[in-house]
Amino acid sequence: MKHRNLTEHREEPPAWCGTREALLSRLACSSEGLPGAEATERLARYGPNTPEQRARRPAWMEFLRRFANPLVLVLLVASGVSFLTHELTSSAIIAGIVLMSVTLDFVQERRADSAAERLRSSVALKATVLRDGAEREVPARELVPGDVVLLSAGSLVPADARLLEARDLFVNQTLLTGEPYPVEKQPGEAPAGTEPSEARNAVFMGTSIISGTARALVFATGARTTVGDIAHALAEPVPSTTFERDTRHFGLMLMRLTVLLVLFVLLVAVQAHRPLLESFLFAVALAVGLTPELLPMVLSVTLSRGAMRMAARQVIVKRLSAVHDLGSMDVLCTDKTGTLTEARIRLERHEDAAGRESEQVLRWAWLNSHFESGLRSPMDEAILAHTEVEAGGWKKVDEVPFDFERRRVSVLLENEGRRVLVVKGAPEDVLACCTRYELDGVPHALDAEARKRVLARFEALGAEGFRVLAVAWREESPDMQVAHLGDETELVFAGFASFLDPPKESARPALQALIRSGVKVKVVTGDNERVALHVCRQLGLEVEGVLTGAEVGTLDDPALQIRAARTTLFARVSPGQKSRVIRALRRRGHVVGYLGDGINDAPSLHAADVGISVDSAVDVAREAADLLLLRHDLAVLYDGVLEGRRSFGNVMKYIRMGTSSNFGNMLSMAGASVLLPFLPMRPIQILLNNLLYDVSELAIPLDEVDPEQLERPTRWDLRFVRLFMAVLGTLSSLFDAATFGVLLLFFHAEAALFQTGWFMESLTTQVLVIFIIRTRRNPLRSRPSRWLVASSLGAALVANVLPFTPLGAWFGFEPPPPALLGALAVLVVGYLLSAELLKRWFFRRYAAG
Ligand SMILES: Nc1ncnc2c1ncn2[C@@H]1O[C@H](COP(=O)(O)OP(=O)(O)OP(=O)(O)O)[C@@H](O)[C@H]1O
Ligand SMILES: [Mg+2]
C-alpha cells in the first residue's frame, strides 16, 4: 500500500472537517480496516498508542539518574576529597559503597518494575478492530492511524477517531469538556474551524460510550490525540496517596534530625580545633548511617512481591502503591449487584396496576429491553431470557438512552403506522411521569388514591426483596421521528416487572472476615433502600444507618462527613452522589476502598484511595480501578487485604530498625566524639558498619509476618514511630555508654582498640536486634525467613571476624584480646534481653504500629 507521510497531518485541517473520502485517502486506508502487516509497520512508525509518549528511559540513563541524589553527591565529594588528600583507601571504599548501593537499588527496582508491568499488561485495555477484513481484539496500545474500531456501550474510546457509522451513539466527554451529560454523535462532515469538543462526527480518546454502537476510523493515536495533547500541556502530577504522603513526612523527620546531628558534630569539631577534613568525613559518615537509603528499595520490593502474591490469589494490581493502601483500608464501600448478590437475576412477576399477572406488561418490558442500545443491565437480560416474545412487527424508530440520573430508558417504536413511546425504569421516577394507568385495556386517571395504591404495592414488593421496574407507555403521532427527554410526560402506567437477585452465599463469610479484621463495609447502591436492606439482612450485615440519594442531596459537605461515617447503607444514589460519599469519608480520615463494576461506578473508583473492580467490568470501570479482581468475590478481596497488610508489616520492620538501634548508635557516636580525645570510629569504619548493616537488611522484604499483625488495617503512625525511636534509641545509647566505660576503664583502650571494640558491639547489636523488632511475640515463637537469618548472621559474623584478618588492619582495626570479646558478648546479650523486655512493655502500652 502506498501512503504519504502521515506525520504532516498537523498542518492539514482537522480530521473531522472535510469529506470522509478525503480523510480515507489521507490516511491511506479503507473503511474496511488495515491489513495486519500494514498495521504492524505503522505501529513501528507511530509508536504505541499510550497517552504520554513517555517511553521507558534507557537503562543507563535510569542508572545515572540515581547519582543525582543529595546523599550520593555528598559521598562522592567525600571520596574526591579523600583522594586529593592521598587517603586512597578511604576514597576507594567510599566510592565502592556508593556504587554498590546505587547498583543494588537500581537492579531491585527495575526488577520490581518489570514484574509489575507484566501484571498490568495482562489486564490492559483491549479494542475491537477490523484487520484483514475481520473483527479482532487487540491491546488498545497497538492501535494505529487508519485502523477501523468497533465501539459499543461501556467502551472507552481508545484513540481519536472519526465516525463511519453510528446507531444511537451517546458519548460522555467529561474529560474533554467538563460537561457531565452525554452528547449524541453521528457521522457527517463538520464545518471548517470546528473545535474538538464541538465535533459531533468524531470521538476522542478517554471519552466513553454511554449507549449505542459505532464504527470509527482512527486518525490519531498516543500523544498526538487531543487528550494526549492536553495531558502533555498540563503534565498533571498524580495525586499522592495517604501512604506516599506519610512516607514523605517520615523522610522529612529523619532529614531534620540528621542535619541537626551533623551540624552539632561539625560545631564541636571546630570548637575543639580538630582536623577539619577528618571531622567533615566523620559527619558525612554519620549522615549516611542515619539515612534510610534502602527505603526506596524496600518499598519497591515489598510492593512488587505483594503484587505477585496477590496475583496468585486472583487480584491484579494496576497501581503498585495500591498494595499498601489496600492494607490500610478501613472502610470498604461496595455496590450491590454482583458483589453482594449473584447477579443472576430472574424475572419473577409481571403484573398490572391491580397486581394481576399481565402479558401486556411483559410485552412492553421485552420490547424496551430488546430495542434499547445502552449497556444491557442484568434486569434487561432477565427480561429477555424470561420467555421468547414475538417482536410482532414492532420496529425501533428512536431512543432516549438510559442514564443514572433519570434512571429510566425510552424507546420509540412503530407498528403498522402506530407509534408508541415505551418507558421502563425505577418506579419512583417513572411513576412521577405518569398521569394515567391502564387496566384491561381501559385507561383510568392516576389520581392521588390510585397512586397511593400503586406505590403501596411497589413498597410491598420491595420489602419482600423484589427489585422492581415500572413500565409505562404513551401513544405518539405517526410521523414522530425523534424522541426527546421532554416526551417522557403524561405516560400511561402499565405495571411492574419484579425480579429476584439472590444474595451470594460466599459473600456472607467474606463480609464477616472483613468486618472482624477492622474494615467497615458500607453499601452504596443506585437501587432502592428496601431491596438493599433486604439483601443486607440476608447476608447478616448489620445496618447502622440508611441515607437515600434525596437526603444526601440536602446535606452540605461537613454534614455529609458526619452522617456518612454513621451510615451503612446509601440507597438510590446517583453516580455523582456515590463519589461525594467516598470523598466525605476520606475527608474524615478514613482510608476508603470502593468496589464496583458499572459505568456509574467510575467516578467513585477514581475518588477512592483504592479503586477496586472486576475483570469482567465495563472498560470505564476497569480503567479507573487500581486493582482488578479476577473473580467477582469478596473472599478474593479479603485475601488481597491480608497481602497488603503483610507487605506493609515488612516496611514497618525496616522503619523500626532504622529508627531505633541504628539511630541510637549514631547518637552515641556524635556524643562520644565530643567527650573523647580521638574519634570514636573512623569515618571509613562507620561506612563499613553501614554497609554491613544494609546487607543484613536486604532480606527484610522477604520476611514472614505474624498472623496477628494482619488483624487490623495497617497505617503509618508517625507518633508511634517517634516514641519507639526515643525508647529503643535510648536503650541502645545506654549500652553504648556501657561499652565505652568497659573499653576505657578496664582495657585502657587507645584509638584503634576502642574503635575495634565499639565497631564489633555496635554492629552486632544493631543487626541482631532485628529478631526482636520484627515481631511482637517472643522472638523464639515467631519464625523469621531463612534469608533474613542468613543475611543477619552473615553480617554479624563478618564484623566479628574482620578485625582478626589482614584486611582488618586496612580499616584501622586491631585484634581485640579474648577478655574483651567476653565482655562484649555479655554486653550484646544484655542489650538484646533488655530490648526484648522493653519491646514487650512498649507494645502492651501502645497498641499501634
Ligand atoms: N436497563 C435499565 N432499564 C431501566 N431501568 C434501569 C435499567 N438499569 C437500571 N435501571 C434503574 O436504575 C437504577 C439504578 O441502576 P443500578 O441498580 O444498576 O445501579 P447501581 O448503583 O449500579 O446498583 P447496584 O449497587 O445494584 O449495582 C435501578 O435500580 C433501576 O431502577
Ligand atoms: Mg452496579
Side-chain angles (χ1 to χ4, degrees), residues 152-153 165-170 184 186-187 211-215 347 349-354 356-377 379-403 406 408-425 427 429-446 450 454 469-498:
S152 60
E165 275 168 29
R167 288 201 60 189
D168 298 309
L169 186 69
F170 280 80
E184 187 161 14
Q186 273 156 1
S211 71
T213 54
R215 208 147 78 98
L347 175 63
R349 319 174 59 106
H350 35 89
E351 57 183 53
D352 64 14
R356 291 171 311 192
E357 204 74 1
S358 154
E359 285 308 310
Q360 186 55 36
V361 171
L362 176 61
R363 182 152 24 244
W364 286 138
W366 190 91
L367 287 170
N368 178 295
S369 293
H370 180 71
F371 285 114
E372 82 150 301
S373 66
L375 196 68
R376 290 238 161 96
S377 83
M379 286 181 283
D380 290 311
E381 309 282 358
I383 293 172
L384 296 175
H386 184 65
T387 39
E388 198 46 50
V389 176
E390 283 297 309
W394 287 99
K395 284 201 304 283
K396 176 174 161 186
V397 182
D398 198 24
E399 168 177 7
V400 189
F402 178 81
D403 71 63
R406 243 164 75 247
R408 54 182 183 261
V409 51
S410 299
V411 288
L412 178 61
L413 303 176
E414 193 224 58
N415 190 5
E416 293 170 2
R418 181 183 172 209
R419 295 205 170 180
V420 178
L421 187 74
V422 182
V423 184
K424 97 175 179 324
D429 301 280
V430 173
L431 279 168
C433 308
C434 292
T435 51
R436 282 166 301 163
Y437 69 98
E438 188 194 43
L439 261 187
D440 303 322
V442 185
H444 301 273
L446 188 68
V454 172
L469 288 181
V471 182
W473 57 277
R474 166 176 137 162
E475 207 72 45
E476 299 286 1
S477 79
D479 57 355
M480 178 161 166
Q481 286 302 333
V482 186
H484 296 287
L485 253 175
D487 298 322
E488 293 172 334
T489 56
E490 302 190 359
L491 303 176
V492 181
F493 172 67
F496 291 126
S498 317

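Model, not experiment: these values are computed from the prediction.
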inquiry  = Is the shortest side-chain heavy-atom distance between R474 and E488 below 4.5 Å?
reply    = no

key: Minimum heavy-atom distance G441-P443, with the two atoms named   = O-CD, 3.7 Å

V492 and L446, any side-chain heavy atoms less than 4.5 Å apart = no

remark   = Distance col, row L439:CG vs H444:NE2, nearest 0.5 angstrom, shows 5.0 Å

inquiry  = Side chains of E399 and S211 only: does a donor on one sit below 3.5 Å from an acceptor on the other?
reply    = no

query = Is R419 paired with E476 through a side-chain N to carboxylate O contact shorter than 4.0 Å?
reply = no

remark   = Rounding to 0.5 Å, atoms NE2 (H370) and CG (L413) come to a distance of 10.0 Å

key: Distance (rounded to the nearest 0.5 Å) between S410 OG and L421 CG   = 4.5 Å

remark   = Closest non-hydrogen contact found for S369 with I383 is OG-CD1, 3.5 Å

message = Please check if the number of heavy atoms outside E416 that lie under 6.0 Å from its CD is greater than 12.
response = no

task = Provide the closest heavy-atom pair for R408 versus D429 in the form atom of the first, atom of the second, distance.
result = NH1-O, 3.6 Å

query = At what distance, to the nearest 0.5 angstrom, does CE of M480 lie from CG of L412?
reply = 5.0 Å

Check: F496 and V361 side chains under 4.5 Å, non-hydrogen atoms = no

query = With the threshold set at 4.0 Å, does a side-chain nitrogen-carboxylate oxygen contact exist between D380 and K424?
reply = yes

key: Non-hydrogen side-chain atoms of Y437 and V454 separated by less than 4.5 Å   = no

query = ring pair (Phe, Tyr, Trp, His ring centres under 6.0 Å) with W364: which residues, sequence neighbours excluded?
reply = W394, W473

Spacing of L469 atom CG and N368 atom CG [to the nearest 0.5 Å] = 9.0 Å

message = So L362 and L347, do their side chains get closer than 4.5 Å, heavy atoms only?
response = yes

request  = Determine the minimum heavy-atom distance between A472 and C434, stating which atoms define it.
outcome  = CB-SG, 3.8 Å

ask   = Rounded to the nearest 0.5 Å, how far apart are CG of L491 and OG1 of T489?
value = 6.5 Å

task = Keeping the roles fixed (side chain from H350, backbone from S358), state whether a donor-acceptor pair exists under 3.5 Å.
result = yes

query = Any side-chain heavy-atom pair from Q186 and L169 closer than 4.5 angstrom?
reply = no

query = Do the non-hydrogen side-chain atoms of D440 and R356 ever get within less than 4.5 Å of each other?
reply = yes

inquiry  = Under a 4.0 Å threshold between the charged nitrogen and the carboxylate oxygen, would E372 count as salt-bridged to K396?
reply    = no

